[in-house]
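Just so it is clear, the values below take in all heavy atoms, side chains as well, and ignore hydrogens, waters and symmetry mates. Labels below follow one simple rule: chain letters A, B, ... track the order of the sequence lines, proteins then strands, and each chain is numbered from 1.
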2 protein chains.
Amino acid sequence: MSTESGTEAGTPGPTRRERNRAATIAEIKEIGLQRMHESGTTDVRFAEIAREMGMTAPGLYRYFASREELLTALIVDAFDDLGTAVADAREAQPEGDLWGRLLATSAAYRDWARREPQQFSLIFGMPVPGYRAPDEGPTTEAAKRAMGQLQTTFIEAARLGKLVPPLLDGVDEAFVKGINEAHKFDHLMPDAWDGDRTEVAEALTPATMQAMLMFWAALHGFVTLHAYGHLEWLGEAAQEALFRSTVEQGARCAGLPTAP
Amino acid sequence: MSTESGTEAGTPGPTRRERNRAATIAEIKEIGLQRMHESGTTDVRFAEIAREMGMTAPGLYRYFASREELLTALIVDAFDDLGTAVADAREAQPEGDLWGRLLATSAAYRDWARREPQQFSLIFGMPVPGYRAPDEGPTTEAAKRAMGQLQTTFIEAARLGKLVPPLLDGVDEAFVKGINEAHKFDHLMPDAWDGDRTEVAEALTPATMQAMLMFWAALHGFVTLHAYGHLEWLGEAAQEALFRSTVEQGARCAGLPTAP
DNA sequence: GTAACCTTGTTACGATGCTTAACGAAACTC
DNA sequence: GAGTTTCGTTAAGCATCGTAACAAGGTTAC
């Protein structure tokens, strides 16, 4: 560690060893994911991974201190996967097309969950005791990042003047208080939004915040049921129709435009 | 088995042995559940249960052929638990109070999930391969029973003439087709409804069916996030307000009354 | 009452998995 | 080329699942 030979000359890149190590770590995670995919569970067996890599199980402990640590790494990766999948889908739509972006974002959320039910389960399933430890935990972090992508669309709508008050009977006092008291509110800010945060707070009234959460919950509910096959009796086409209706109704209730 | 001594006289009750056996099975399941509760996971360890019962692990195989079979039994029990919890809450409200019943039903769903996250996870979490085997699987069965409780309220509303068309932009053709082609539709009928099924089909138009599913999905989404702690940053009161708004908006969109 | 049988639970065993400790080999640094 | 770090191995301890063989009790039949 003290003798890093990469930082001296014009080669700030990682050492050969570091590259090998990174590659091995990546391979471990990849095979672990692949095994999860094949077994259909979120289990991870060191022995199995090692076998598949042509190694012995204890060797893996050079890279992960325990099975739990590998799982944590996989969870963190899942965050990134979901985040980028949703963000990419959103940015693939024209900038002003709020409805298109909302729909694309939601669809990406749904498709990722269906494509990677294990990773989805890692993030949004029952929290495994021990993963909340590091600083507020990656669990809530995932929720915030997913929320952040949604929020980006809402903020964009507000900036374009296309955000109308949501269809709510009024916001409960307790909700406003809860929102304001949540100092973790800052974490909710999406990275894309570097502007003045008070402006954001103004753009997103408590009512809109609530509507946004309700939109997210509704979307998440459909996605969960969809990804785990609880809606399969409907058939693919009907599920697609139900999804579209869910997003449409959610947008309408939240005060977002529902058509280009 | 061939020598059942309980069926002859006025004692059709189970044999002493059968009672003992049933009690042991109940104890195993109870301790298993208790251990799940304490560990915070859906794991079940035979050795641990046996130890806690003052037995040795192989003894449990007299009652459950494998760990999987115990898990399956626990899943089935979870169905009943959730079903009765929701039904009881519903029937505790006055018969004509549709809004009260809907709210009570939804709250029972939420509270059960929060109180028993492990059982909730067993039912609605990622399906474990192997549990879908027995006759369409208990997984979809759970969804249907939960749906059934909701549907009962919708049917009651229809019979009382208090069900108006839902706020939908029209129902997709694919959805109608999917609903009609789902012959498992029959299973969706709640036990409480013994009347003519065609009447039910008339009362619940495809649009209402879709609205009902959307209501359920929205509720399920909130409940999932709530039960797994993803909304804890809001605080209890705000979560309560959000829940109430979710049910209210869902009812309004579905064409159900939102006030007594 | 006694003999046969069934039920239940035990110990013994083998396979698999996680994890640590001790060791050897290769790579990298100087 | 010598010393250090990294990597991966073998050996071993411990826990688990699940099977097999066996012992002890209750139950049934005669």
Q: Check every atom of D:dG18, C:dT19, C:dG9 against the side chain of A:Ser66 and return the nucleotide holding the closest atom.
A: C:dT19

Q) Does B:Ser121 reach the main-chain N or O of B:Pro117 with its side chain, forming a donor-acceptor pair under 3.5 Å? A)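 Flag not set: sc B:Ser121 to bb B:Pro117 has no pair under 3.5 Å.
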
Whole-Å distance separating the [atom1] atom of [X] from the [atom2] atom of [N]:
{"X": "B:Phe46", "N": "C:dG17", "atom1": "CZ", "atom2": "P", "result": "19 Å"}
{"X": "B:Glu68", "N": "D:dG18", "atom1": "CD", "atom2": "P", "result": "8 Å"}
{"X": "B:Arg62", "N": "C:dT11", "atom1": "CZ", "atom2": "C1'", "result": "13 Å"}
{"X": "B:Tyr61", "N": "C:dT7", "atom1": "OH", "atom2": "P", "result": "20 Å"}
{"X": "A:Phe64", "N": "C:dC18", "atom1": "CZ", "atom2": "C1'", "result": "16 Å"}
{"X": "B:Met53", "N": "C:dG9", "atom1": "CE", "atom2": "P", "result": "8 Å"}
{"X": "A:Tyr63", "N": "D:dT6", "atom1": "OH", "atom2": "P", "result": "11 Å"}
{"X": "B:Arg51", "N": "C:dG9", "atom1": "CZ", "atom2": "P", "result": "18 Å"}

Q) Side-chain N or O of A:Thr56 less than 4.0 angstrom from OP1 or OP2 on D:dT9? A)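 Yes, because at least one side-chain N or O of A:Thr56 sits under 4.0 Å from OP1 or OP2 of D:dT9.
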
Q. Between D:dG26 and B:Arg21, is there an OP1 or OP2 to side-chain N/O distance shorter than 4.0 Å?
A.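 Negative; the distance criterion is not met.
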
Q) Between A:Glu69 and A:Lys29, is the closest basic N to carboxylate O distance under 4.0 Å? A)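 Salt bridge between A:Lys29 and A:Glu69, a charged N being under 4.0 Å from a carboxylate O: no.
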
Q) So, are B:Arg35 and B:Glu38 salt-bridged, with charged N and O less than 4.0 Å apart? A)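 Judged by the 4.0 Å cut-off on N to carboxylate O distance, B:Arg35 and B:Glu38 do form a salt bridge.
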
Q | Distance-only donor-acceptor test (3.5 Å): side chain A:Arg17, base D:dT5 | A | yes

Q: Take A:Arg90 and A:Thr153, measure what side chain to side chain donor-acceptor pair (under 3.5 Å) needs, and give me the verdict at the end.
A: CA-CA 9 Å; A:Arg90 191 178 159 280; A:Thr153 297; 3.1 Å; yes

